[in-house]
Structure formats: structure tokens, C-alpha cells
2 protein chains.
Amino acid sequence: MSAESGADRPTPTLEMVAALAGVSRATVSRVVNGAPSVDPHLASSVEKAVQTLNYVPNRAARTLASRRTYTVTLLVPESTSKVFADPFFATVVEGVARYLNTTDYMLNMVTSSEANPEKTRRYLLGGNVDGVLVVSHHSGDHSWTQLNASLPTVFAGRPLVNAANSYFVEVDNEEGASAATSRLIEGGRRHIATIAGPQDMPPGVDRLQGWRSALLDAGLSDSLAETGDFTVVSGAVAMRRLLDRGQPLDAVFAANDQMAAGAYSVIKERGLRIPEDIAVVGFDDDLYATSLSPALTTIHHPIAALGEKMAELLVELIEGRAAERIHRLPTSLVVRDSA
Amino acid sequence: MSAESGADRPTPTLEMVAALAGVSRATVSRVVNGAPSVDPHLASSVEKAVQTLNYVPNRAARTLASRRTYTVTLLVPESTSKVFADPFFATVVEGVARYLNTTDYMLNMVTSSEANPEKTRRYLLGGNVDGVLVVSHHSGDHSWTQLNASLPTVFAGRPLVNAANSYFVEVDNEEGASAATSRLIEGGRRHIATIAGPQDMPPGVDRLQGWRSALLDAGLSDSLAETGDFTVVSGAVAMRRLLDRGQPLDAVFAANDQMAAGAYSVIKERGLRIPEDIAVVGFDDDLYATSLSPALTTIHHPIAALGEKMAELLVELIEGRAAERIHRLPTSLVVRDSA
DNA sequence: TTGTAAGCGTTATCAC
DNA sequence: GTGATAACGCTTACAA
């Protein structure tokens, strides 16, 4: 029932279009690729021919001739299984796909096969792709930081090493953490703790710094800090330690929602109320945020936007346009019931 | 620090290999493609040349000449955002990638852009890919069932329409449901209800059928059935209706774990105990299964294996090998605490 | 501005 | 079994 019923006619080629339009193949090529100067008259007749023939350029031929592949690879880190089920990853990919859909580029995924990363490396460096997108959750720790020397590469999040030479887009973690903390201060809290993320990854460091600077700006103490590893249980452990210090504490900024969830359980288990006794603000605005009770006030992490921006940056790089090495996406405070 | 330091030398071509090995390009091509008959002596010398030059065939050229792309597309259904965050989808992809990594095929994703599905169609039918993989969660409802007429296509799950002409791999839903029910019967239960899935999608139908046949084989009644839509709340609603019938009921088979979760809440709310008063078995073995309390006994749904099998089937189709239209993957009972 | 023609790196069809 | 040689469909100097 589709449009191609009874269609065994051969795929139209550039040559056929040229013939139909009565021009040379070169001209058709120019029109198709939006070349700067072609007689508008001829151009339109070519376009008509393209329409009626339903012509679509052959990628392989184009690639072979131009040495451009119009393909960008999404490099999926080693531990495929986990990474893929990670909503962060999924959302980034969604953003990437969304942007790429507005361009001529195709997305292809290569999971850097545990088997042989060398195969992946060869594929990438073997002229099969125009650029690479590297996604690796919170951790900036990936072994592909040297890629950008040979191929346009964009990272999700500031790479731990070689950041100075890398193109990447990250969320403005420091600003977000600062906004979260300010919310607490404005709410009248004066003894504001934090459950920080790992200090060996950028988001962990930056969010701690944001909390600290907001506090210092307000003339408050930054002594109430414990570190977790972004998991729910680590959040609970940290909260417990915080409470066991026996110091006044009326609010806590958790560096991500999962740790906030852990903090929730401990706070409740001690018979304290949220937000009356202790106000809580998280970071990420992930699934946990709304499923917690009371609903968590948190910092929205624009993940899909991050993916879109990464793709946009990469295309700019590929096409040789000037581009900023660093893109920092703004976060926003989502006020719910915990602070 | 990588292997390509100081490497500005051009990518080796088939021609260079031929020169180095002292044979014709045709021979090199034969060796590289594992052609049936080439003098083993020459072959090895070619292989040596390939090694030393670190030759890798150029995909575009190969595609142009052979009219094979060595690329398979994973078609992501309309609602990208949701689908992608769905662990089912993620896991299928993982399996697909795993299999493809053992072959020469590349995976490329195209999200059938809401914008213009026509673009997608043209891409697929325009000779850019060798085959397509269509994934659409439980529902067999996708508008791409006609694709297989023009391109090797494999579906995840039995398509609702045109199933007779489609290649697909599905989990053996009926057998699984039957096993779940048998578990209940063997546990001494005699009044076994079911919370069935939607009857307009294959898994819903098949799982209901499995429950029914197990019951009938045991000489038990199949009157205790209510239908949900695979969501947690629909499970709760169905359970409530079941209980409100006022008939004896000592066990329930939920067609998926989410509905089982819904049933749990109602059972507890009525002051009944699991499994003492009512035993429960689910289906899918997803995240809910272990997070419920008591842990849910359920049917394991081999999702990654499904992805692997899909990819394998597709490659067989592409390479013209004989292949079964239908592949049914076995499920397994995972015994935990609810039955 | 437009056309001519030379590739791009393989595979495939032939003779040898 | 092996080697010329013609495609494959498009881009891109270079000429006109």
C-alpha cells in the first residue's frame, strides 16, 4: 500500500537528474549541495527534476568522492550494559539524535568493545566517521581523551584529563549548587550541610564549590560537609555522619538526587521532619525527585539539551566553523516541597 | 602517545597492498574477502602486506562497488524520549550491539523523526542500509510492517499485523505464563486469578492463554481474570476488582511485574499477607521484582538475548542464508519469596 | 556561471 | 587461479 508499490525502477542517479534537467552532472551536484552560485533558472529546473525523480544522493559515492562520511559516532563506554540502562545516557542520546535529525549527519553507535578497543580505534581513525561523541556519565574518566588530536571529538562533561585541549559541554554545576544553597539561605536556614559527590570527578568538585561559595558569600560556615559517591546508600551514610556530629543542622544540599534520597531515609528514621526540621535540596531532577515524599526541591539538569549541544558543537567542528571549546549549560531551580 | 604518533602517511589502499605483495588488486580483494580459491602462497604474502601496512578496507568504496553497506539500522519508534528511557529498549539494544560486534556490520540508529517519517523511509529504502531492526516494546503495533517487502527486517516481538510475512523473535509468553501458573498450582493453590495484559497486543493475549491452559490442564477454573494495561495502577485496580468478587482467591498471576506491584499494594491494604494468604507471580523479572517486598517470584524475560537473536537473524537474512521466520526464546522461572 | 573530465578505493566481469 | 579493466555514483579542479 506504500508509495513504492510496483516500483522496481532503478534508483535515480545524479546523471539521470542531469539528463532530465538538461544540464551537466556538475551543475546538479552544485544545486544539490547548495553551491554558492548557480543560475537560479537552471537551479529550479534541476530541483524540479530532483522532485519528479525522487532523487536521493548516494551516500557511499558521495563519501568516496568527497572524503566526508556524514556520519558521527556515539562512542559507548566499556560497560555497555550499565551505561545503556542509565537514564542519563539515554537522555543524552535523545538530545543528540534530535539535533542530528536536523542535519545530514547520521548517528552510529559503537560500543568500544571490551573485546578489542583497538578495533574501535581503527574504525574511528580509519576515515569512517567525521567526528565522535563521547558520553560517560558523571565521571570525566575516559581513555579517549586523546582522540581529539586526530578527529573532531566532543565530550559530555569536562574530561578529567586533557580538559584544556578538549571540546566539551557541561552543565554549570557550580552555579547550580550555588543556587540550591541560596534557596536554603533565603529560606532562613543558617546551618547548611552538604553531601558532596566524589572529589575525583568534576561534578563532585564543582557542586561542592558552589555550595561553599554561596555559604561564604552569606557569611555562613562551610564546615558541615561529608562526601558520598552519588549512590543512595552513600547519601544515607553521609547524612548519618552529619547528624552524629551533634552540631546544629537545619538544611542539607545533596550533590545529587539519589544521595538526597538516602538522606531522606536517615532524617525520617531519626524522627525529624522535612522540611520543618531539615530542608533538603538535591541536584539532577531525576526520577527520584518526584517519587520522594515530600517531593524534592532540586536543580534541574538539562540533559537532553546537553546532548543537543554536543551534537551541534561537533557539527561545527567538523565543518570547520569556529567554536568555543567549552559550553556550559544553565541549570534551574525546581521548587517542590522539601525546601 | 598513541600508535599513530608522527603518522601523517596516507591511509593504505588496496592498491598499495597489491604493490607491496606483488600481485594484482583483484587478488588482494579476494584475499581480504576470503574468496574460495587463491593460491595459499600468494594469500599469505598478501596477508603479510596487509599487516605491515595496517590496511583497512574503505567502507565507502566497498559499498559503492558492491552495493552492500554493511550497516544495519535500528529503527527507534516515534516517541523517542520515552522509548529510549525504557529499560526494555535499552537492553534489547545492548544485545543487538553485542552480536553485531562479532560481525562486520555497523549499527546505526535512526529515530523515525516525528518531523518527517518520509525522510526515514527514503533513507531506509534508498540503499543506505542492508537491513532494519524494529523495536517496539510490548505492543506489536508499528507502522513499519510493510518494510520487509523491500528490505530485510526483523521485529522485536510478534507484529500485530502482517505477522505471517514478518521475521521476528519473541519471548515464549505462553509457555512462561503457563510455568508461572504451574508454580502456583504446585504450591497447593487452587483459586488462581490472573491480571492479564491488554488483549490487543500479543504478549497480553499469549500470557492470558498460558495461564488458562495451565489451569485447565490441572482441572481448575479459569474464571478469575481481570485485565490491566501493564501499568502499576491498572494492576491495583484489577486486584481490587478481583478481591471484590468475594470468591475464594489464594493466588494471582500478573502478566507483568508492574501490575504485580499494583496488586501488592491492594493485597497489603486489605490486610492480607503475601504469600501466606495470596501468592503472587509476575512476568518480566524487571527492576520491580527485586525491589518489592516480599521479593517477587517471576518469569525471567531474556531481553538482551532477544536483541542478540534479532541481530543474528537479520544478518542471516541479509546474507541470504535460510532462516526461520519465527524465533521463540525460552523463559525461566525465578523463584523468590512471593510464591 | 557551466561543462569536461579525472579521480575516490573497491568489487566484479571477463579473458587468459 | 590471476590479472586487466570496467563499473559504482558522486565531487571537484580546471577549462571554457
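Small disclaimer: the values here were computed from a predicted structure and weren't measured. Scope of the values below: all heavy atoms of this structure, side chains included, with no hydrogens, waters or symmetry mates.
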From C/dT2, C/dT11, C/dC8, pick the nucleotide closest to the side chain of A/Ala65?
C/dC8
Write down the distance between CG (A/Asp39) and C1' (C/dT2), rounded to a whole number of angstrom.
10 Å
So which of A/Asn108, A/Asp104, A/Asn128 actually passes side chain to side chain contact (heavy atoms under 4.5 Å, CB included) with A/Thr71?
A/Asn108
Taking heavy atoms of chain B and a 4.0 Å limit, find me the 5'-most and 3'-most nucleotide of DNA chain D within that range.
D/dG1 to D/dG9
Got a donor-acceptor contact below 3.5 angstrom from the B/Asp130 side chain to the B/Val72 backbone?
no
Can you measure B/Asp104 atom CG to C/dT10 atom P for me and round it to whole angstrom units?
14 Å
Nucleotide C/dG9, atom P - distance to CG of B/Asn33 in whole Å
17 Å
Check the surroundings of atom CD in A/Glu319: do more than 12 heavy atoms from other residues, nucleotides or ligands lie under 6.0 Å from it?
yes
Measure from CG on A/Asn128 to P on C/dG9 and round the result to the nearest Å.
13 Å
Between B/Asn58 (CG) and C/dG7 (P), how many Å, whole number?
18 Å
Whichever of B/Arg25 and A/Arg25 has the more 5' nearest nucleotide on DNA chain D, that residue is B/Arg25
Does C/dG3 have OP1 or OP2 sitting under 4.0 Å from an N or O in the side chain of A/Ser24?
yes
Whole-Å distance, B/Arg30 CZ to C/dA12 P, equals 11 Å
Could you give the OH-to-P distance, from B/Tyr70 to C/dT11, as a whole number of Å?
8 Å
A/Thr63 (side chain) donor-acceptor with A/Arg68 (main chain) under 3.5 angstrom
yes
So, does B/Arg98 use its side chain to make a donor-acceptor pair with the main chain of B/Gly307 at under 3.5 Å?
no
Please report the distance, rounded to the nearest Å, between CZ in A/Arg67 and C1' in C/dG9.
9 Å
Output for pair (A/Leu314 CG, A/Tyr167 OH), nearest 0.5 Å, gives 11.0 Å
B/Val134 pairs by side chain to side chain contact (heavy atoms under 4.5 Å, CB included) with which of B/Leu74, B/Thr153, B/Thr73, B/Val154?
B/Thr153
Using a 4.0 Å heavy-atom cut-off across all strands, classify A/Val23 as base, sugar-phosphate, or nothing.
sugar-phosphate
Want to settle it: does B/Ser66 or A/Ser29 sit nearer the 5' end of DNA chain D, counting the closest nucleotide to each?
B/Ser66
